[in-house]
Amino acid sequence: MIDKRAQATLMAALLLVIGFAAWPTYAAEPALKNARLIGRFLDAGDHSAFEWPGSAIEFAFEGSWLDVVLDDRGKNSLVLDVDGKLSRIDLKKGSNTYRLVATQGADRHSVRLVRRTEAFFGTTTLKDVRTDGTLLQPEPKKRSLLVIGDSISAGYGIEGMDAKCKFSADTENQYLTYAAIAARRYDADVITLAASGKGLVRNFRGAKGRTMADLYDRILPSRRDRETLPKTDVIIVHLGTNDFSGGARPANFAASYAELLAKLRANAPDAMIYAGFGPLLTGEDFAAADKAVGDVVKQRRDAGDSKTAMIRFTEPPGASLRGCDWHPNEAGQQRMANQLEDRIKADLGWVHTQ
(Lines give C-alpha, C1' and ligand atoms only; values in the text may rest on other atoms or scores of the structure.)
Protein backbone atom coordinates (compact mmCIF):
# COMPACT_ATOMS: atom_id res chain seq x y z
CA MET A 1 0.00 0.00 0.00
CA ILE A 2 1.19 3.56 -0.76
CA ASP A 3 0.38 6.12 1.91
CA LYS A 4 -1.15 9.51 1.07
CA ARG A 5 2.16 11.39 1.35
CA ALA A 6 3.81 8.97 -1.07
CA GLN A 7 0.85 9.27 -3.46
CA ALA A 8 1.15 13.06 -3.44
CA THR A 9 4.88 12.83 -4.15
CA LEU A 10 4.23 10.44 -7.03
CA MET A 11 1.58 12.71 -8.55
CA ALA A 12 3.92 15.71 -8.34
CA ALA A 13 6.62 13.73 -10.12
CA LEU A 14 4.21 12.70 -12.86
CA LEU A 15 3.12 16.29 -13.43
CA LEU A 16 6.72 17.35 -13.89
CA VAL A 17 7.19 15.02 -16.84
CA ILE A 18 4.14 16.26 -18.76
CA GLY A 19 5.29 18.41 -21.67
CA PHE A 20 3.32 21.11 -23.43
CA ALA A 21 3.43 21.27 -27.24
CA ALA A 22 2.60 24.79 -28.38
CA TRP A 23 4.24 25.36 -31.79
CA PRO A 24 5.08 22.70 -34.36
CA THR A 25 6.79 19.88 -32.52
CA TYR A 26 6.98 16.12 -32.52
CA ALA A 27 5.05 14.11 -29.95
CA ALA A 28 6.98 12.27 -27.27
CA GLU A 29 7.72 8.55 -27.16
CA PRO A 30 6.48 5.92 -27.33
CA ALA A 31 2.96 5.62 -28.76
CA LEU A 32 2.87 8.84 -30.77
CA LYS A 33 6.39 8.78 -32.14
CA ASN A 34 6.85 11.06 -35.15
CA ALA A 35 3.36 12.60 -34.95
CA ARG A 36 3.84 16.28 -35.75
CA LEU A 37 1.58 18.51 -33.64
CA ILE A 38 0.66 21.96 -34.98
CA GLY A 39 -1.07 24.16 -32.46
CA ARG A 40 -1.52 23.81 -28.75
CA PHE A 41 -1.53 20.31 -27.31
CA LEU A 42 -1.38 19.07 -23.75
CA ASP A 43 1.18 16.37 -24.48
CA ALA A 44 1.73 13.56 -21.95
CA GLY A 45 3.84 11.30 -24.13
CA ASP A 46 1.38 8.48 -24.63
CA HIS A 47 -1.51 10.82 -25.45
CA SER A 48 -2.05 14.43 -26.56
CA ALA A 49 -5.19 16.50 -25.89
CA PHE A 50 -6.33 19.45 -28.01
CA GLU A 51 -9.26 21.87 -28.15
CA TRP A 52 -8.45 24.97 -30.22
CA PRO A 53 -9.94 25.05 -33.74
CA GLY A 54 -7.45 24.23 -36.45
CA SER A 55 -5.24 22.12 -34.19
CA ALA A 56 -3.49 19.77 -36.60
CA ILE A 57 -1.65 16.45 -36.49
CA GLU A 58 0.62 15.28 -39.29
CA PHE A 59 1.92 11.80 -40.04
CA ALA A 60 4.25 10.45 -42.70
CA PHE A 61 4.61 6.72 -43.15
CA GLU A 62 5.46 3.92 -45.53
CA GLY A 63 2.90 1.15 -45.47
CA SER A 64 -0.57 0.15 -46.61
CA TRP A 65 -2.67 1.32 -43.67
CA LEU A 66 -2.69 3.83 -40.81
CA ASP A 67 -5.02 3.97 -37.82
CA VAL A 68 -5.40 6.49 -35.02
CA VAL A 69 -7.19 6.14 -31.70
CA LEU A 70 -9.09 9.28 -30.70
CA ASP A 71 -11.21 10.02 -27.65
CA ASP A 72 -13.97 12.63 -27.92
CA ARG A 73 -17.37 13.71 -26.61
CA GLY A 74 -18.85 12.93 -30.01
CA LYS A 75 -19.41 16.56 -31.05
CA ASN A 76 -16.25 17.35 -32.97
CA SER A 77 -15.20 16.75 -36.56
CA LEU A 78 -11.89 16.71 -38.38
CA VAL A 79 -10.66 17.36 -41.90
CA LEU A 80 -8.61 14.41 -43.13
CA ASP A 81 -6.01 15.11 -45.80
CA VAL A 82 -4.35 12.01 -47.28
CA ASP A 83 -1.86 12.85 -50.01
CA GLY A 84 -3.90 15.94 -50.88
CA LYS A 85 -7.29 14.21 -50.96
CA LEU A 86 -9.75 15.67 -48.43
CA SER A 87 -12.55 14.04 -46.46
CA ARG A 88 -14.39 14.60 -43.19
CA ILE A 89 -14.35 12.54 -40.02
CA ASP A 90 -17.22 12.97 -37.56
CA LEU A 91 -15.89 11.74 -34.25
CA LYS A 92 -17.88 9.29 -32.15
CA LYS A 93 -18.31 9.46 -28.41
CA GLY A 94 -15.63 7.74 -26.37
CA SER A 95 -12.36 6.15 -27.45
CA ASN A 96 -12.51 4.82 -31.01
CA THR A 97 -10.16 3.65 -33.74
CA TYR A 98 -10.30 5.42 -37.11
CA ARG A 99 -8.65 4.06 -40.24
CA LEU A 100 -7.14 7.00 -42.09
CA VAL A 101 -5.37 5.16 -44.90
CA ALA A 102 -6.12 1.81 -46.53
CA THR A 103 -4.25 0.95 -49.74
CA GLN A 104 -2.99 -2.13 -51.52
CA GLY A 105 0.70 -1.25 -51.78
CA ALA A 106 3.27 -0.29 -49.15
CA ASP A 107 3.76 3.27 -50.42
CA ARG A 108 4.77 6.50 -48.72
CA HIS A 109 1.88 8.68 -47.57
CA SER A 110 1.41 12.12 -46.06
CA VAL A 111 -1.53 12.39 -43.63
CA ARG A 112 -2.93 15.44 -41.88
CA LEU A 113 -5.82 15.79 -39.41
CA VAL A 114 -7.25 19.27 -38.75
CA ARG A 115 -9.87 20.05 -36.12
CA ARG A 116 -12.82 21.80 -37.78
CA THR A 117 -14.62 22.67 -34.55
CA GLU A 118 -13.81 24.90 -31.59
CA ALA A 119 -13.16 24.26 -27.91
CA PHE A 120 -16.81 24.68 -26.98
CA PHE A 121 -17.47 21.15 -28.24
CA GLY A 122 -14.99 19.49 -25.89
CA THR A 123 -11.54 18.00 -25.75
CA THR A 124 -10.22 15.58 -28.36
CA THR A 125 -7.38 13.28 -27.33
CA LEU A 126 -4.99 11.47 -29.64
CA LYS A 127 -4.23 8.22 -27.83
CA ASP A 128 -2.42 6.05 -30.34
CA VAL A 129 -1.24 5.69 -33.94
CA ARG A 130 -0.79 2.31 -35.61
CA THR A 131 0.45 1.13 -38.99
CA ASP A 132 1.67 -2.01 -40.71
CA GLY A 133 4.58 0.01 -42.00
CA THR A 134 7.07 2.56 -40.67
CA LEU A 135 6.27 5.96 -39.21
CA LEU A 136 8.48 8.75 -40.54
CA GLN A 137 8.94 12.38 -39.52
CA PRO A 138 6.83 14.81 -41.55
CA GLU A 139 8.69 17.73 -43.08
CA PRO A 140 8.33 20.97 -41.05
CA LYS A 141 7.03 24.15 -42.65
CA LYS A 142 9.34 27.13 -43.19
CA ARG A 143 6.66 29.74 -42.47
CA SER A 144 4.06 30.22 -39.76
CA LEU A 145 0.99 32.30 -38.96
CA LEU A 146 -0.74 32.95 -35.63
CA VAL A 147 -4.36 34.11 -35.31
CA ILE A 148 -6.07 35.45 -32.19
CA GLY A 149 -9.74 35.95 -32.89
CA ASP A 150 -13.42 35.22 -32.37
CA SER A 151 -16.11 33.33 -34.28
CA ILE A 152 -14.97 34.57 -37.70
CA SER A 153 -11.51 33.11 -37.19
CA ALA A 154 -12.95 29.94 -35.61
CA GLY A 155 -15.04 29.21 -38.70
CA TYR A 156 -18.54 29.76 -37.30
CA GLY A 157 -21.27 29.11 -39.86
CA ILE A 158 -18.99 28.88 -42.91
CA GLU A 159 -20.88 25.91 -44.31
CA GLY A 160 -24.34 27.32 -43.56
CA MET A 161 -26.79 27.66 -46.43
CA ASP A 162 -27.58 31.30 -45.61
CA ALA A 163 -27.64 33.86 -42.81
CA LYS A 164 -30.72 32.30 -41.15
CA CYS A 165 -29.03 29.20 -39.71
CA LYS A 166 -27.73 29.16 -36.13
CA PHE A 167 -24.55 28.06 -34.38
CA SER A 168 -23.73 24.38 -34.77
CA ALA A 169 -20.74 22.10 -34.93
CA ASP A 170 -21.90 20.80 -38.30
CA THR A 171 -21.54 24.11 -40.14
CA GLU A 172 -18.31 25.18 -38.43
CA ASN A 173 -15.03 24.60 -40.26
CA GLN A 174 -11.75 26.29 -39.34
CA TYR A 175 -10.12 24.69 -42.40
CA LEU A 176 -12.09 27.10 -44.63
CA THR A 177 -11.24 30.29 -42.71
CA TYR A 178 -9.28 33.14 -44.24
CA ALA A 179 -6.13 32.45 -42.19
CA ALA A 180 -6.15 28.71 -42.91
CA ILE A 181 -6.59 29.39 -46.62
CA ALA A 182 -3.74 31.91 -46.65
CA ALA A 183 -1.49 29.53 -44.71
CA ARG A 184 -2.01 26.77 -47.29
CA ARG A 185 -1.30 29.19 -50.12
CA TYR A 186 2.04 29.99 -48.52
CA ASP A 187 2.74 26.40 -47.38
CA ALA A 188 2.79 27.67 -43.80
CA ASP A 189 1.67 26.39 -40.43
CA VAL A 190 -1.16 28.23 -38.71
CA ILE A 191 -2.25 28.32 -35.08
CA THR A 192 -5.79 29.60 -34.51
CA LEU A 193 -6.61 30.77 -30.99
CA ALA A 194 -10.24 31.73 -31.48
CA ALA A 195 -13.58 31.28 -29.72
CA SER A 196 -17.08 32.29 -30.77
CA GLY A 197 -18.78 35.07 -28.85
CA LYS A 198 -15.55 36.22 -27.22
CA GLY A 199 -14.21 39.73 -27.21
CA LEU A 200 -10.92 41.00 -25.94
CA VAL A 201 -12.49 42.52 -22.80
CA ARG A 202 -16.26 42.08 -23.33
CA ASN A 203 -18.11 39.09 -24.74
CA PHE A 204 -21.09 39.17 -27.10
CA ARG A 205 -24.06 41.01 -25.54
CA GLY A 206 -22.10 41.36 -22.33
CA ALA A 207 -22.12 37.63 -21.62
CA LYS A 208 -20.27 36.78 -18.45
CA GLY A 209 -17.29 34.49 -18.48
CA ARG A 210 -13.77 34.41 -19.80
CA THR A 211 -12.77 36.85 -22.52
CA MET A 212 -9.98 36.32 -25.04
CA ALA A 213 -7.72 38.34 -22.76
CA ASP A 214 -8.12 35.42 -20.34
CA LEU A 215 -7.95 32.61 -22.92
CA TYR A 216 -5.45 33.34 -25.67
CA ASP A 217 -2.39 32.04 -23.83
CA ARG A 218 -4.03 28.86 -22.51
CA ILE A 219 -2.87 25.52 -23.87
CA LEU A 220 -6.46 24.27 -23.66
CA PRO A 221 -9.26 26.81 -23.12
CA SER A 222 -10.86 24.51 -20.53
CA ARG A 223 -7.71 24.44 -18.36
CA ARG A 224 -5.51 27.04 -16.68
CA ASP A 225 -2.20 25.73 -18.06
CA ARG A 226 -0.60 28.54 -20.03
CA GLU A 227 1.97 28.73 -22.80
CA THR A 228 4.29 31.49 -23.95
CA LEU A 229 3.23 32.93 -27.28
CA PRO A 230 5.41 31.53 -30.07
CA LYS A 231 7.76 33.33 -32.40
CA THR A 232 6.13 33.43 -35.80
CA ASP A 233 6.24 35.24 -39.14
CA VAL A 234 2.74 36.73 -39.32
CA ILE A 235 0.27 37.46 -36.52
CA ILE A 236 -3.37 38.41 -37.11
CA VAL A 237 -5.34 39.86 -34.21
CA HIS A 238 -9.02 39.84 -35.22
CA LEU A 239 -10.87 41.06 -32.14
CA GLY A 240 -13.32 43.84 -31.35
CA THR A 241 -16.55 42.71 -33.02
CA ASN A 242 -18.04 41.32 -29.81
CA ASP A 243 -16.57 44.09 -27.67
CA PHE A 244 -18.42 46.79 -29.60
CA SER A 245 -21.58 44.93 -30.67
CA GLY A 246 -24.99 46.22 -29.60
CA GLY A 247 -23.76 49.74 -28.85
CA ALA A 248 -21.18 48.70 -26.26
CA ARG A 249 -18.15 50.95 -25.83
CA PRO A 250 -15.82 49.24 -23.32
CA ALA A 251 -13.59 51.86 -21.73
CA ASN A 252 -10.68 49.45 -21.22
CA PHE A 253 -10.59 48.08 -24.77
CA ALA A 254 -7.88 50.35 -26.17
CA ALA A 255 -5.53 49.83 -23.22
CA SER A 256 -6.02 46.04 -23.34
CA TYR A 257 -5.51 45.98 -27.11
CA ALA A 258 -2.31 47.98 -26.79
CA GLU A 259 -1.11 45.60 -24.07
CA LEU A 260 -1.81 42.57 -26.26
CA LEU A 261 0.09 44.04 -29.22
CA ALA A 262 3.02 44.86 -26.95
CA LYS A 263 3.14 41.28 -25.67
CA LEU A 264 2.97 39.89 -29.19
CA ARG A 265 5.79 42.14 -30.31
CA ALA A 266 7.95 41.15 -27.33
CA ASN A 267 7.51 37.45 -28.19
CA ALA A 268 7.92 37.89 -31.95
CA PRO A 269 10.21 40.88 -32.57
CA ASP A 270 10.37 40.36 -36.33
CA ALA A 271 6.78 39.30 -37.04
CA MET A 272 4.39 41.26 -39.21
CA ILE A 273 1.40 42.00 -36.94
CA TYR A 274 -1.96 42.77 -38.51
CA ALA A 275 -4.86 44.22 -36.56
CA GLY A 276 -7.73 42.80 -38.56
CA PHE A 277 -11.27 44.11 -38.45
CA GLY A 278 -14.60 43.42 -40.19
CA PRO A 279 -16.90 42.45 -41.78
CA LEU A 280 -19.66 41.80 -39.20
CA LEU A 281 -20.26 45.16 -37.48
CA THR A 282 -22.10 47.99 -39.22
CA GLY A 283 -22.95 51.64 -38.62
CA GLU A 284 -21.87 53.35 -35.42
CA ASP A 285 -20.61 50.09 -33.86
CA PHE A 286 -18.27 49.56 -36.77
CA ALA A 287 -17.06 53.16 -36.68
CA ALA A 288 -16.34 53.05 -32.94
CA ALA A 289 -14.48 49.74 -33.10
CA ASP A 290 -12.61 50.73 -36.23
CA LYS A 291 -11.42 53.94 -34.58
CA ALA A 292 -10.36 52.18 -31.37
CA VAL A 293 -8.29 49.56 -33.19
CA GLY A 294 -6.92 52.11 -35.66
CA ASP A 295 -5.82 54.47 -32.89
CA VAL A 296 -3.86 51.73 -31.13
CA VAL A 297 -2.14 50.72 -34.36
CA LYS A 298 -1.28 54.36 -35.10
CA GLN A 299 0.26 54.74 -31.65
CA ARG A 300 2.52 51.76 -32.26
CA ARG A 301 3.53 52.96 -35.70
CA ASP A 302 4.19 56.47 -34.38
CA ALA A 303 6.43 54.86 -31.75
CA GLY A 304 8.48 53.22 -34.49
CA ASP A 305 6.81 49.81 -34.96
CA SER A 306 6.52 49.83 -38.74
CA LYS A 307 5.64 46.11 -38.84
CA THR A 308 2.26 46.62 -37.17
CA ALA A 309 -0.58 47.51 -39.54
CA MET A 310 -4.36 47.36 -39.88
CA ILE A 311 -6.41 45.28 -42.30
CA ARG A 312 -10.06 46.14 -42.88
CA PHE A 313 -11.81 43.04 -44.20
CA THR A 314 -14.57 44.29 -46.48
CA GLU A 315 -17.06 42.83 -48.90
CA PRO A 316 -18.87 44.29 -51.91
CA PRO A 317 -22.47 45.48 -51.27
CA GLY A 318 -25.12 42.94 -52.09
CA ALA A 319 -22.77 39.98 -52.38
CA SER A 320 -23.96 36.58 -51.13
CA LEU A 321 -21.04 36.05 -48.76
CA ARG A 322 -22.90 35.24 -45.56
CA GLY A 323 -23.28 31.99 -43.63
CA CYS A 324 -24.99 31.28 -40.32
CA ASP A 325 -25.94 34.34 -38.26
CA TRP A 326 -24.44 36.62 -40.93
CA HIS A 327 -20.92 35.26 -40.52
CA PRO A 328 -18.73 35.02 -43.64
CA ASN A 329 -19.42 31.84 -45.60
CA GLU A 330 -16.81 30.04 -47.69
CA ALA A 331 -16.91 32.70 -50.41
CA GLY A 332 -16.69 35.45 -47.79
CA GLN A 333 -13.71 33.81 -46.12
CA GLN A 334 -12.05 33.36 -49.52
CA ARG A 335 -12.39 37.09 -50.08
CA MET A 336 -10.84 37.77 -46.68
CA ALA A 337 -7.99 35.40 -47.53
CA ASN A 338 -7.37 37.33 -50.74
CA GLN A 339 -7.21 40.59 -48.82
CA LEU A 340 -4.80 39.10 -46.29
CA GLU A 341 -2.66 37.66 -49.09
CA ASP A 342 -2.49 41.04 -50.83
CA ARG A 343 -1.17 42.65 -47.65
CA ILE A 344 1.36 39.89 -46.92
CA LYS A 345 2.64 40.09 -50.49
CA ALA A 346 2.96 43.88 -50.28
CA ASP A 347 4.54 43.95 -46.83
CA LEU A 348 6.70 40.81 -46.87
CA GLY A 349 7.08 39.97 -50.53
CA TRP A 350 5.75 36.44 -50.11
CA VAL A 351 4.58 34.64 -53.23
CA HIS A 352 2.02 31.90 -52.72
CA THR A 353 2.85 28.33 -53.64
CA GLN A 354 -0.68 27.09 -54.35
Side-chain angles (χ1 to χ4, degrees), residues 53 118-120 147-158 160 162-168 171-172 177-179 192-216 221 236-264 273-300 308-329 332-333 335-336 339-340:
E118 61 184 287
F120 177 85
V147 182
I148 302 176
D150 51 32
S151 54
I152 297 173
S153 300
Y156 181 123
I158 284 180
D162 52 39
K164 297 179 182 178
C165 59
K166 300 301 179 183
F167 181 56
S168 71
T171 58
E172 187 167 54
T177 61
Y178 66 97
T192 300
L193 309 176
S196 294
K198 300 296 184 181
L200 180 62
V201 297
R202 175 190 180 272
N203 294 328
F204 183 59
R205 292 179 177 171
K208 303 298 181 182
R210 298 161 297 179
T211 63
M212 283 306 295
D214 304 314
L215 295 177
Y216 76 89
I236 305 106
V237 179
H238 196 187
L239 294 169
T241 297
N242 293 307
D243 296 273
F244 286 85
S245 64
R249 303 292 183 265
N252 59 336
F253 178 84
S256 296
Y257 204 98
E259 180 182 359
L260 174 59
L261 294 187
K263 287 182 178 179
L264 293 171
I273 300 177
Y274 293 115
F277 195 73
L280 276 183
L281 289 184
T282 59
E284 293 182 359
D285 289 346
F286 177 90
D290 183 72
K291 183 179 186 306
V293 173
D295 286 350
V296 174
V297 171
K298 184 177 184 302
Q299 289 169 11
R300 290 206 60 85
T308 294
M310 191 167 179
I311 296 180
R312 292 175 176 87
F313 292 110
T314 61
E315 64 180 52
S320 300
L321 303 179
R322 300 293 188 173
C324 298
D325 287 325
W326 296 96
H327 286 69
N329 61 12
Q333 294 274 359
R335 179 178 170 81
M336 293 173 68
Q339 292 172 323
L340 176 59

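- The minimum heavy-atom distance linking Pro250 with Val201 is given by the pair CB-CG2, 3.8 Å.
- Every salt bridge (charged side-chain N to carboxylate O under 4.0 Å, His left out) that Asp295 has, sequence neighbours left out, goes to Lys291.
- Looking at residues two or more places apart in sequence or on another chain, you find a ring pair (Phe, Tyr, Trp, His ring centres under 6.0 Å) between Tyr156 and Phe167, His327.
- Applying the salt bridge (charged side-chain N to carboxylate O under 4.0 Å, His left out) test to Arg210 and every residue at least two apart in sequence or in another chain returns nothing.
- Distance CG/Leu340 to CD1/Ile311: 5.0 Å, rounded to 0.5 Å.
- Taking CZ of Phe313 as the reference point, atom CD of Gln339 lies at 6.5 Å (rounded to 0.5 Å).
- Atom CG of Asp290 is separated from atom CE of Met310 by 4.0 Å, given to the nearest 0.5 angstrom.
- Under the ring pair (Phe, Tyr, Trp, His ring centres under 6.0 Å) criterion, Tyr257 pairs with Phe253, sequence neighbours left out.
- Scanning both residues, Cys324 and Thr171, for their nearest heavy atoms gives SG-OG1, 3.7 Å.
- Between Val297 and Ala275 the shortest heavy-atom distance is CG2-CB, 3.6 Å.
- Between Pro221 and Leu215, the shortest heavy-atom distance links the atoms O-CD2, 3.9 Å.
- A side-chain donor-acceptor contact under 3.5 Å links Gln333 to the backbone of Ile152.
- The nearest pair of heavy atoms linking Leu281 to Gly240 is CD1-O, 4.2 Å.
- For Thr211, the side-chain hydrogen bond (donor to acceptor under 3.5 Å, both in side chains) partners at least two apart in sequence or on another chain are Asp214.
- Among residues two or more places apart in sequence or in another chain, the side chain to side chain contact (heavy atoms under 4.5 Å, CB included) test is passed with Ala163 by Arg322, Trp326.
- Here Lys208 pairs with nothing under the side-chain hydrogen bond (donor to acceptor under 3.5 Å, both in side chains) rule; sequence neighbours left out.
- Judged as a salt bridge (charged side-chain N to carboxylate O under 4.0 Å, His left out), and not counting sequence neighbours, Lys164 has no contacts.
- Rounded to the nearest 0.5 Å, atoms CG (Leu193) and CE (Met212) are 6.0 Å apart.
- Sorted by first and then second residue, the pairs that involve residues 238-250 and meet side chain to side chain donor-acceptor pair (under 3.5 Å), not counting sequence neighbours, are Tyr178-His238, Arg249-Asp285.
- For the salt bridge (charged side-chain N to carboxylate O under 4.0 Å, His left out) test, residues two or more places apart in sequence or in another chain that qualify with Glu259 are Lys263.
- Separating the CG atom in Asn329 from the CD1 atom in Ile158 is a distance of 8.5 Å, to the nearest 0.5 Å.
- For the atom pair OH of Tyr216 and CG of Leu264, the computed distance is 6.5 Å after rounding to the nearest 0.5 Å.
- Considering all non-hydrogen atoms of both residues, Ser153 and Val147 come closest at OG-CG1, 3.6 Å.
- Residue pairs meeting the side chain to side chain donor-acceptor pair (under 3.5 Å) criterion with at least one member in residues 194-207, sequence neighbours excluded: Glu118-Ser196.
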